[in-house]
S.K.: 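Below you will find the structure I want to go over with you.
Positions are given from 1 along the sequence. No experiment lies behind these values; they were computed from the predicted model shown. Quick note: numbers below take in every heavy atom, side chains included, and nothing from hydrogens, waters or symmetry partners.
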Amino acid sequence: MPRVLRIINRFNLGGPTYNASYLTRYMSNKYQTRLVGGLKEDDEESSEYIVRNLGIEPEIIPEMRRAISLRNDWVAFRKICRIIREFNPDVVHTHASKAGTIGRLAAAWCRVPVVVHTFHGHVFHSYFGKAKTAMYLTIERFLAHFTTRIIAISEKQRHELADVFQIAQSKKFTVVPLGFDLTRFTIDKEQRRTEFRKRYNVTDNQVAVGIVGRLAHVKNHAFFIDVIATLKNQSKVPVRAFIVGDGSLRNELVQQCENKGLTVSQPEKENLDADVVFTSWIKNVETVYPAFDILAMTSLNEGTPVSIIEAQAAGVPVVSTNVGGIEDIVENGKTALLVENGNLDEFVRSLRQMVENQEFLAEMSNSGVEHVMKKYHYTRLVSDVEKLYDELLTQKVSSNKG
């Protein structure tokens, strides 16, 4: 029975945990899979409950953290080498950058036959300055030499990684979109909508616009606040904004709201009539989306944002910046409106088009559910990856015989 060692950056709330967990839990019995990951950061919400709810007991390496640390990274490398020697995997599959670096180096050192890496996003623009970005590009190009196959999660991402940033030749890439258990976003929507909107005192005539994700620079919540402030000045339809997530930027964003004349609610000091509600983290996000009329995403860079897939499954139309792989997971003009990055007027105009046209909003809602349920269910993800493993292991056997 072939063995797969799956390594993710860390067990923080987000797409990689879901992706790795479904692959670990639902891969066919002909594969034995073990899941390893790093420890979440202090300002992040843990995702260990997702893994354990699926009956998986992961191995956590506390030293594998987001920041570069020679000591911690060396300890994490040694621990992964130990796990590889004990488990003797036929495939090491790493997910995201830190796991991809340490995990692939360990796999190469231990001579694992097949090494696969999934880019869930990338840091080659909108994260760092030129020098640091160049360093990460050099590292990824070096690691590509030790990688049997690289998975991009969208065609747009494959183009960026292969053709724009030249991480490796195009033939080394396979596009495998993410997959999720989306059925939980399709049930009890009316009840969930009523409960959430009652909890935050959202009236029937108010339009709720939400944004979901950690409060980090790359997510560009500051732009979202500018959009909401402009929208409230331009539209007669009453709008409430919800920021679901948390992070080190919260105080700064609250101050920005107040500077824009927007009233604010926070978990520590609630104002149930506030223009902008900071909810902090909400684990059961399936209870949140039905309360939204529109999901906004203002990111500077993305891979395949989970919140957009989840929102569409819940029937929530999307207005988003057109970055990363977003254009591959929506139907522009049908399930979402995509806007040039940083174009405030266009973003506000797109929101107004939905806010002030309920018929258009309803059409996009129905289209979103149909679109993502066909393309992003976890059964398709597992099938795609299993076929890839079969192919790579067969090639390895054939090359050894040759």
S.K.: Should we count CD of Glu359 as having more than 12 external heavy atoms under 6.0 Å?
M.R.: no

S.K.: Spell out, as yes or no, whether a donor-acceptor pair under 3.5 Å connects the side chain of Arg197 to the backbone of Ala291.
M.R.: yes

S.K.: Can you name the nearest heavy-atom pair linking Met364 to Thr335, along with the distance?
M.R.: CE-C, 3.3 Å

S.K.: How close do Ser350 and Val319 get, counting heavy atoms only, and between which atoms?
M.R.: CB-CG1, 3.9 Å

S.K.: How about Asp181 and Thr183: does a side-chain donor come under 3.5 Å of a side-chain acceptor?
M.R.: yes

S.K.: Ring centres under 6.0 Å, that's the criterion: do Phe223 and His221 meet it?
M.R.: no

S.K.: For Asp293 versus Pro317, what's the shortest heavy-atom pair and its separation?
M.R.: O-CD, 3.4 Å

S.K.: Tell me whether Arg34 forms a cation-pi arrangement with Phe87, defined as NZ or CZ under 6.0 Å from the six-membered ring centre and within 45 degrees of its axis.
M.R.: yes

S.K.: In plain terms, say whether Lys79 and Glu59 are close enough for a salt bridge, that is, a side-chain N and a carboxylate O under 4.0 Å apart.
M.R.: no

S.K.: Classify the side-chain pair Arg6/Thr33 by whether it contains a donor and acceptor separated by less than 3.5 Å.
M.R.: no

S.K.: Given 3.5 Å as the limit, does a donor-acceptor pair link the side chain of Glu41 with the main chain of Arg66, or not?
M.R.: yes

S.K.: Could you check if a side-chain atom of Phe278 sits within less than 4.5 angstrom of a side-chain atom of Ser265, using non-hydrogen atoms only?
M.R.: no

S.K.: Is there a side-chain contact between Leu338 and Glu327 in this structure, where contact means two heavy atoms from C-beta onward sitting under 4.5 Å apart?
M.R.: yes

S.K.: Would you say Ser299 and Asn220 make side-chain contact, with heavy atoms under 4.5 Å?
M.R.: no

S.K.: Would Leu215 and Ser248 count as a side-chain contact (heavy atoms from CB on, under 4.5 Å) here? Give the steps.
M.R.: CA-CA 7 Å; Leu215 307 187; Ser248 59; over 6 Å; no

S.K.: Determine whether more than 12 heavy atoms belonging to other residues, nucleotides or ligands lie under 6.0 Å from atom CD of Gln206.
M.R.: yes

S.K.: Where do Tyr376 and His371 land on the side-chain hydrogen bond (donor to acceptor under 3.5 Å, both in side chains) test, with the steps shown first?
M.R.: CA-CA 9 Å; Tyr376 289 102; His371 171 63; 5.6 Å; no

S.K.: Which residue pairs pass the salt bridge (Lys or Arg N to Asp or Glu O under 4.0 Å) test when at least one of the two sits in residues 346-356, sequence neighbours left out?
M.R.: Arg352-Glu356

S.K.: Nearest 0.5 Å, what's the CD1-OH distance between Ile56 and Tyr22?
M.R.: 10.0 Å

S.K.: When you check the gap from the basic side-chain N to the acidic O, do Lys98 and Asp73 get nearer than 4.0 Å?
M.R.: yes

S.K.: If the threshold is 4.0 Å, N to carboxylate O, is there a salt bridge linking Arg250 and Glu268?
M.R.: yes

S.K.: Can you confirm whether Leu337 sits close enough to Gln353 that some side-chain heavy atom of one is under 4.5 Å from a side-chain heavy atom of the other?
M.R.: yes

S.K.: Of all heavy-atom pairs between Leu182 and His377, which one has the smallest distance, and what is that distance?
M.R.: N-CD2, 4.3 Å

S.K.: Please determine whether side-chain contact (heavy atoms from CB on, under 4.5 Å) holds for the pair Leu231 and Gln234, giving the CA-CA distance in whole Å, both sets of side-chain angles, and the decisive distance to 0.1 Å.
M.R.: CA-CA 5 Å; Leu231 178 65; Gln234 291 186 5; 5.7 Å; no

S.K.: Side chains of Met64 and Ile102: does their closest heavy-atom pair fall under 4.5 Å?
M.R.: yes

S.K.: Determine whether more than 12 heavy atoms belonging to other residues, nucleotides or ligands lie under 6.0 Å from atom NZ of Lys334.
M.R.: no

S.K.: Determine whether a donor-acceptor pair (N or O, by modelled atom type, separation under 3.5 Å) exists between the side chain of Ser280 and the backbone of Gly245.
M.R.: no

S.K.: Please say whether more than 12 non-hydrogen atoms of neighbouring residues, nucleotides or ligands are located less than 6.0 Å from CG in Leu70.
M.R.: no

S.K.: Return the CG to CD1 distance between Asn332 and Ile326, rounded to the nearest 0.5 Å.
M.R.: 11.0 Å

S.K.: For Thr174 and Arg149, what are the C-alpha separation, side-chain angles and deciding distance, and is it a side-chain hydrogen bond (donor to acceptor under 3.5 Å, both in side chains)?
M.R.: CA-CA 7 Å; Thr174 296; Arg149 190 66 59 86; 2.8 Å; yes

S.K.: Would you mind reporting whether Val323 and Leu300 have side-chain heavy atoms less than 4.5 Å apart?
M.R.: no

S.K.: Kindly say whether the aromatic ring centers of Phe196 and Phe242 come within a distance under 6.0 Å.
M.R.: yes

S.K.: Just how far is it from atom OG1 of Thr101 to atom CG of Leu143, taken to the nearest 0.5 Å?
M.R.: 5.0 Å

S.K.: Within the structure provided, determine whether Glu258 and Gln256 are in side-chain contact (heavy-atom separation under 4.5 Å).
M.R.: no

S.K.: If only atom types and distance count, is the side chain of Thr24 paired as donor or acceptor with the main-chain N or O of Ala20 below 3.5 Å?
M.R.: yes

S.K.: So, the side chain of Arg158 versus the backbone of Val175: is there a donor-acceptor pair under 3.5 Å, distance only?
M.R.: no

S.K.: Would you say the side-chain atoms of Arg141 pair up with the backbone N or O of Phe165, donor to acceptor, closer than 3.5 Å?
M.R.: yes

S.K.: Taking all heavy atoms of Val369 and all of Lys189, pick out the closest pair and write down the distance.
M.R.: CG2-NZ, 4.4 Å

S.K.: For a quick check under 3.5 Å, do Thr147 and His117 share a side-chain donor-acceptor pair by atom type?
M.R.: no

S.K.: If every non-hydrogen atom of His120 is compared with every non-hydrogen atom of Gln157, which pair is closest and at what distance?
M.R.: C-NE2, 3.8 Å

S.K.: Is there a donor in the side chain of Tyr289 and an acceptor in the side chain of Glu310, or the other way round, less than 3.5 Å apart?
M.R.: yes

S.K.: Just by distance, do the side chain of Glu370 and the backbone of Ser367 share a donor-acceptor pair under 3.5 Å?
M.R.: no

S.K.: Please determine if Arg199 and Glu270 form a salt bridge, counting it only when a charged side-chain N lies under 4.0 Å from a carboxylate O.
M.R.: yes

S.K.: Do the charged groups of Lys232 and Asp275 touch, with an N to O distance under 4.0 Å?
M.R.: yes

S.K.: Does the distance from a Lys or Arg side-chain N to an Asp or Glu carboxylate O, for Lys198 and Glu195, drop under 4.0 Å?
M.R.: no

S.K.: Applying salt bridge (charged side-chain N to carboxylate O under 4.0 Å, His left out) to Arg214 and Asp246, what does each step give before you reach the verdict?
M.R.: CA-CA 5 Å; Arg214 59 194 173 92; Asp246 219 323; over 6 Å; no

S.K.: Working to the nearest 0.5 Å, report the span between CD1 of Ile151 and OG1 of Thr118.
M.R.: 3.5 Å

S.K.: Donor-acceptor pair, distance only, cut-off 3.5 Å: does the side chain of Thr298 make one with the backbone of Lys219?
M.R.: yes

S.K.: Decide yes or no on side-chain contact (heavy atoms from CB on, under 4.5 Å) for Val91 and Arg3, but give the supporting numbers first.
M.R.: CA-CA 6 Å; Val91 179; Arg3 298 184 181 92; over 6 Å; no

S.K.: Between the main-chain N or O of Leu54 and the side-chain N or O of Arg25, is there a donor-acceptor pair closer than 3.5 Å?
M.R.: yes

S.K.: Strictly below 4.0 Å, N to O, side chains only: are Asp273 and Arg240 in salt-bridge contact?
M.R.: no

S.K.: So, Lys30 and Asp390, do they make that salt bridge, N to O below 4.0 Å?
M.R.: yes

S.K.: Would Tyr378 and Phe180 satisfy side-chain contact (heavy atoms from CB on, under 4.5 Å), going step by step from the backbone distance to the final call?
M.R.: CA-CA 4 Å; Tyr378 71 82; Phe180 304 92; 5.6 Å; no

S.K.: If you measure from the Lys or Arg side-chain nitrogens to the Asp or Glu carboxylate oxygens, is any gap between Glu48 and Arg52 under 4.0 Å?
M.R.: yes

S.K.: Rounded to the nearest 0.5 Å, what's the gap from CD1 on Ile329 to CD on Glu302? Could you check?
M.R.: 8.0 Å

S.K.: Do Ser69 and Trp74 come close enough that some side-chain heavy atom pair is under 4.5 Å?
M.R.: no

S.K.: Where the side chain of Ser21 meets the backbone of Thr17, is there a donor-acceptor pair that is under 3.5 Å apart?
M.R.: yes

